2 protein chains.
Amino acid sequence: MSSSRPRRSADIDPRPSRGIPEATVARLPVYLRALTGLAERGTTTASSEELARAAGVNSAKLRKDLSYLGSYGTRGVGYDIEYLRYQIAREIGLTQDWPVVIVGIGNLGHALANYSGFATKGFGIVALLDADPQRVGERIGDHTIRPYSDLEQVVRESGVAIGVISTPASAAQEVCDRLVEAGITSVLNFAPVVLSVPEGVDVRKVDLSTELQILAYHEQRKALSQNGHVPGIEGLPVEGVS
Amino acid sequence: MSSSRPRRSADIDPRPSRGIPEATVARLPVYLRALTGLAERGTTTASSEELARAAGVNSAKLRKDLSYLGSYGTRGVGYDIEYLRYQIAREIGLTQDWPVVIVGIGNLGHALANYSGFATKGFGIVALLDADPQRVGERIGDHTIRPYSDLEQVVRESGVAIGVISTPASAAQEVCDRLVEAGITSVLNFAPVVLSVPEGVDVRKVDLSTELQILAYHEQRKALSQNGHVPGIEGLPVEGVS
DNA sequence: TAGATTGTTAATCGATTAACAATC
DNA sequence: TAGATTGTTAATCGATTAACAATC
């Protein structure tokens, strides 16, 4: 395909055609949000220093990150907020809409289905699926819960790009397999399991208890250092020391 | 404080008293879950290879990670699952219970309050707070929603260690300030804002739309490479090229 | 022109990985 | 003892940061 495409001067693109570092990709949404916040407050231009403050990073990192996208700032001036916002949105792919299906409409699924940020950010829920016949037919916002067995049909008809799994842990792998089988290559997993997927499928995981545990680890360290304990010592036997 | 503590032989600890790398800390909960899964299936011993598979990492990384905690395996044999599980739990600080307060009981707050994994994992919800008088008094599971103004009292009386913020974005910083003022040093933030906190306070952020955007970026790249486009080209003007 | 600020370089730091000696 | 597998070393890779030349 690409080999038969005629070459044009646009092919000689100054930006790195090889991807943006993962760490940078993960921060682009943060920058986007910071830019939106500034725009809402009427700001039209910001320096890397100001932008970085709004995004909670240091300015060197922000400039480096933005440099992977291109040269969208003006030396001596800063960045035009609207212009930069558009460039980042385009880079992420938010200039198009991404159809999303949510599988598993329990407590969390309900919350996700009601989350207004979905639509406004370039993602559109095209279906809510649940395996429980009792739940099927229930209305949530604009949507009606459909049977899990509609999965393939939904993916096909709506060209679903991203599958969100908010089922119990026990069901997650099977749901994931079926999403992948239906052609989905991006999965956002809220179930507390490690999903196995074939090469080429991206999985991201959101996990409450992992986050709490990471906080607990640091909290414990803070408490220990306050008490004058050397971290990692408490709980070790001190008998037989004399 | 710690300088006046008498030295004991336990002070000479073979393990690195200086902390575990952040990347490793973030994986310990994953290992813990994998171990629990294996234990439930009746397994008592596992090699680093098996454990790594269950956790979705490679075995070199797993062994390196575990080596920061100590030497809890047996060469030629593997790891005793129960023993390793205990050691990781102790390292994270899960041998004690961490009191948690949830502020903002909308859709997401409801889901969090109902999340059973909370209690079973060493975290206990001690209060649900909401600023809306209409919601105060509502029962969720074992809890009754209390007024936001009870915040300081709850933190003090229950010795809350971790504050969970599930308010709208507009309220999150104020809630955070008040939690920190009340003495909390660990915050889990579900609101889509960058919180500013003083030195010594840990914030972790869970953000649905960030996750979706990261997936969208990769999804876009996959689509582009299939279509034979050089990523980063589409949308650039091609006029004036001739 | 003088002042400000970007975009980039280069140094540093931390994380990952392969390989293997130690040892059960 | 022979086979298996850990714990550690060292090489590599990627991310962060400070500093500054380029340039508005």
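Chain naming here is simple, since letters A, B, ... match the order of the sequence lines and numbering starts at 1 in each. In this text, all values refer to a predicted model and were calculated from it rather than measured experimentally.
Atoms CZ (A/Arg63) and P (D/dA15) sit 19 Å apart, rounded to a whole Å. When the C1' atom of D/dT6 is taken as reference, atom CD of B/Glu49 falls 12 Å away, rounded to whole Å. Atom CG in B/Asp80 sits roughly 16 Å away from atom P in C/dC24 (whole-Å rounding). A/Asp65 places its CG atom 10 Å from the P atom of D/dA15, with the value rounded to the nearest Å. Rounded to whole Å, the distance from NZ on B/Lys64 to C1' on D/dA11 is 12 Å. Per the geometry, NZ belonging to A/Lys61 stands 6 Å off C1' belonging to D/dT16, to the nearest Å. What separates CG of A/Leu62 from P of C/dT8 is a distance of 14 Å, to the nearest Å. Distance CG (A/Asn58) to P (C/dT6): 13 Å, rounded to an integer number of Å.
Counting non-hydrogen atoms of other residues, nucleotides and ligands closer than 6.0 Å to CD of B/Gln96 gives a total above 12.
A donor N or O paired with an acceptor N or O is found under 3.5 Å between the base of C/dT6 and the side-chain atoms of A/Arg75.
Base pairing of C/dA10: its partner is D/dT17, meeting the Watson-Crick or G-U wobble criterion (both donor-acceptor distances under 3.5 Å). D/dA22: Watson-Crick or G-U partner is C/dT5, with both key distances under 3.5 Å.
Phosphate contact (OP1/OP2 of C/dT6, side-chain N/O of A/Ser48, threshold under 4.0 Å): present. At D/dA4, none of the side-chain N or O atoms of B/Tyr79 fall inside 4.0 Å of OP1 or OP2 (strictly under the cut-off).
Taking the nucleotide of DNA chain C with the nearest heavy atom to each of B/Arg27 and B/Val77, the more 5' of the two is matched to B/Arg27.
Residue-level contact check: B/Ala23 touches the backbone only, with heavy atoms under 4.0 Å from sugar-phosphate atoms and none from bases. Among the protein residues, A/Glu22 comes within range of the sugar-phosphate backbone only, with heavy atoms under 4.0 Å from sugar or phosphate atoms but none that close to a base.
Side-chain proximity of B/Ser71 to D/dA19, D/dG7, D/dT5: nearest is D/dG7. Nearest to the side-chain atoms of B/Pro21 among the listed nucleotides C/dA15, C/dT6, D/dT17 stands C/dA15.
Using a 4.5 Å heavy-atom cutoff, the side chains of A/Lys222 and B/Asp202 are in contact.
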Fill in: Test ring-ring contact (aromatic ring centres under 6.0 Å, His included) applied to A/Tyr72 and A/Tyr83, step by step
CA-CA 8 Å; A/Tyr72 297 134; A/Tyr83 181 59; 5.6 Å; yes
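For the residue pair A/Arg204 / A/Ser186, no side-chain donor-acceptor distance below 3.5 Å is found, with atom types taken as modelled.
From A/Glu211, atom CD reaches atom CG of A/Leu208 across 8.0 Å, with rounding to the nearest 0.5 Å.
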